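Since the structure comes first, as structure tokens, the remarks are kept for the end.
Everything quoted here is computed from the prediction, not taken from an experiment. Every chain is numbered from 1 and lettered A, B, ... according to where its sequence line falls, protein lines coming before strand lines.
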Amino acid sequence: MESLFGDTYEPQDEKSRLYADVILPVPIPKMFTYKIPRNLAEDIGIGFRVMVQFGQKKVLTGIIGKVHQKPPKEYEAKPILDVLDTYAMVNPLQIKFWAWMAEYYCCHIGEAMNAALPSGLKLSSESKIQLNPAYDSETSMYPLDSREEVILQALASQEELSYEDCERLLGVKSIHGIIKSLVIKEAILVFEKVKDKYSPKVETRIRLTQEYATDKKALERLFQEIASKPKQEEVILKYLQEIPVYQKPELNLKGLDKKAFTEAGLSMSSLKTLMKNNVLEEYKLIISRFEEISESKEEIVLSEEQTTAIIQIKGYFEEKHVALLHGITGSGKTEIYIQLIKEALESGSQVLLLLPEIALTTHLVGRLKKVFGSKMGVYHSKFSDNERVEVWNGVISGKFPLVIGVRSSIFLPFDSLGLVIVDEEHEASFKQYDPAPRFQARDAAIMLAWLHQAKTLLGSATPSFESFYNARTKKYGYVPLDRRYGDAQLPAYHIADILKDKKKNLLKLEMTRLMREKIQEALNNQEQVLIFQNRRGYSPYLVCEDCGVSPECEHCDVTLTYHQFAEELRCHYCGFKEKVPKACHACGSVKLVAVGLGTERIEESLTLLFPEARIARMDLDTTRSKYGYQRLLEEFGAGNIDILVGTQMITKGLDFEKVTVVGILDADRILFFPDFRAGERAFQQITQVAGRAGRREKKGTVIVQTRQPDHHIYEKIVNGNYKKFYIEDMTERQKFFYPPFVKLIKISSRHKDKNVVEKAARHLHNLLNDIQVKKIMLGPEKGLIGKIKNQYIFETLVKLDKSGNAQAVFKHDLQLILEEMYANKEFRSVRVVVDVDPY
DNA sequence: AGCACGCCGACT
DNA sequence: GTCGGCGTGCTC
């Protein structure tokens, strides 16, 4: 496999290191060749961050993607200005991975780089000003005003000032005008200074000075001296109590956290005096942001089924790159993961476990932390930049051979992955749609593993149909795990007919009689209830009772969402907000009512229907804070909540025995979404939510409210018949040419002028249509949402033949066509977005 | 994406 | 006469 590791990876002699192709964060689809100055040649290589001049004015930081000796033909390469690292921040495999991503997902390698680097590693340059050495206030022909004088005076004592410094100095909001004026008057110069955004966490520690630490007699003398100073004595005693220097003198080296003194309520001034008298000293220690946890020796006990599954997985790994573990909820996938991770780590490989965002906050992380301790790094979107950089460095240094993380953790600097696990593989959140690269992390992870010659294990209770298809066509290994732990039973499903109840006047506050009865029953038995509402397109909005008009966003083609709590209308696409209007904009009527079942409304309805129950809501609003989610879960686990209403989130990792009833308020919203995956999604979501009901002894109850109780999907859900539904859905997909039978590429055009986009989209569509590959094209059509942020959207959907080189040819020609479009002045302002494998 | 260069209108 | 509008082309 030597070619995969790149021809430039091996150290080369200096003569061959003349030029570097640098990846820059600019939207130009190529690398830029710079000259490597002789004096830098020694300490430069692939993956080093460098500073380069780009264009006339800009200094950018980029990453070296390639080192070579071919001088560019058409221009003289500029020199690299500086190297920022003493070791490569990025390894050659990562650059290969970015390049693959750029090609596959039709984006620029710079965009891939941008997505990969935690912003703490992206150096930002900050504009600073300094005195112009050529300036002489005596002879200058331009008079300065008072504010300009202040700045010049400050520069007399300080070499440089940032813009913010100047703003603070003058107490004005925007300094640009003044700076510009000073530049024109030739009094100052503006320059760019690169600053590293990552700052290590430092702890101030206190220890005895050399003299007292090594000499017991000195210490005894000290005690006599301070006998009359009880405050100082306390400080010393505290130190000796925490750090028994007498017994273990070497402990003094690390000393004690300064906070320990403050927390013990000791006198800070005494501490200072002791330091002044050279008894104690202070020093700074760089510490990790992550707690040190040692791994447990606890043996994982595997059931017979799990052992068999592991043997099967390993068997498949002999010949295939990917295996799919199809294990229903509660079938014990976690233990299998743990065992496989252990083995991979023992063989010296790195392991990546990918999880969807919401699953990361749950007990699984704690569970793994217990087993793998501080060998495990966690990469989460709620982590700060500094924390992310620490995980990044931890992967390089070998501190974290195991990482569990979200989508973006596929970009961490692994150099020897042995195993990649994608749990909840079917989750749509693995796909990133904005900004580019619009990648599917599950698919990219498989590619990543392949680059490392590692294996990928996909796990799900309800696999994506793509993965299941790959399993059935033997591309992936397939390992079913279908017995519930402790033989817990499948829940009992009840399909509740919304329309029937409505006719009979049994529908109260959107709850069918069955739903209400089952909830009441659970409450009577002191059991817990989960109510699920799909978020997608199901937010409450206002409607005018007189003319039927709903307030819409000024910038987007959507109705505004009603947020009762803040008394606001909001646009979920552009963030536009306005106070709830008093009257209808269209007819002036004041009869504006809220419709639609947002989680807030449901919570309210439930309060009315079950006034005695304790009800809580779990959605984006209530869990925005870092630990908001966890807090709600704990409350629920402790039994302080009877009914929990939530979105998607509640389907993940909630594992509470007292939940016996799960209600799905409107299954139709998922099922009749205009998307070829709607059926698959409905099946997955309903099954996943249902999996939260009844574990162990008690059989759970699931109530699914729908207007179409006869839809064929329900029969399969009720019987847990994944495969039957899969087969039916596949026939449809094959008939209408949808994945996995074709490759989808969505091309959308956006522009503020509707006529311009429409014309551009037509033109583009025609050009694409002329590409000589086997394909079907749909469109161009107005987007599902016709306008977002004042940009009109038109979309073309391309269904490409999967066999042969249709994909490669199409993507190649697409690139040329986009360039051609850009060269056309009529269309150059139209933004074209390419989404490969759209969701 | 920025940013410079360049060629046309409304101002001191 | 100039300042500045933004069309267009380039960035190693």
Checking all strands, does [X] fall into the base, sugar-phosphate, or nothing category for heavy-atom contacts under 4.0 angstrom?
X       : result
A:Gln53 : sugar-phosphate
A:Pro72 : nothing
A:Lys30 : base

Considering the options A:Gln440, A:Arg438, A:Lys743, which one meets the side-chain hydrogen bond (donor to acceptor under 3.5 Å, both in side chains) requirement together with A:Asp837?
-> A:Lys743
Among A:Trp98, A:Phe411, A:Tyr433, A:Tyr839, ring-ring contact (aromatic ring centres under 6.0 Å, His included) partner for A:Phe439 = A:Phe411
Just grab all the salt bridge (charged side-chain N to carboxylate O under 4.0 Å, His left out) pairs involving residues 809-834 of chain A, residues at least two apart or on different chains.
-> A:Lys759-A:Glu826
Qualifying salt bridge (charged side-chain N to carboxylate O under 4.0 Å, His left out) pairs with a residue from residues 100-112 of chain A, counting only residues at least two apart or across chains | none
Contacts of type side-chain hydrogen bond (donor to acceptor under 3.5 Å, both in side chains), residue A:Thr33, not counting sequence neighbours = A:Asp21
Those residues that, when tested against A:His763, pass ring-ring contact (aromatic ring centres under 6.0 Å, His included) (two or more places apart) | A:Phe827
Residue whose closest nucleotide on DNA chain B lies nearer the 5' end, A:Tyr822 versus A:Gln56 | A:Tyr822
Ring centres of A:Phe54 and A:Phe32 under 6.0 Å apart?
-> yes
Anything under 4.0 Å to a heavy atom of chain A counts; send over the first and last such nucleotide of DNA chain C, read 5' to 3'.
-> C:dT8 to C:dC12
Under 3.5 Å, is there a donor-acceptor pair linking the side chains of A:Ser416 and A:His452?
-> no
Outermost contacting nts on DNA chain B, any atom under 4.0 Å from chain A heavy atoms, listed 5' then 3', are B:dA1 to B:dA4
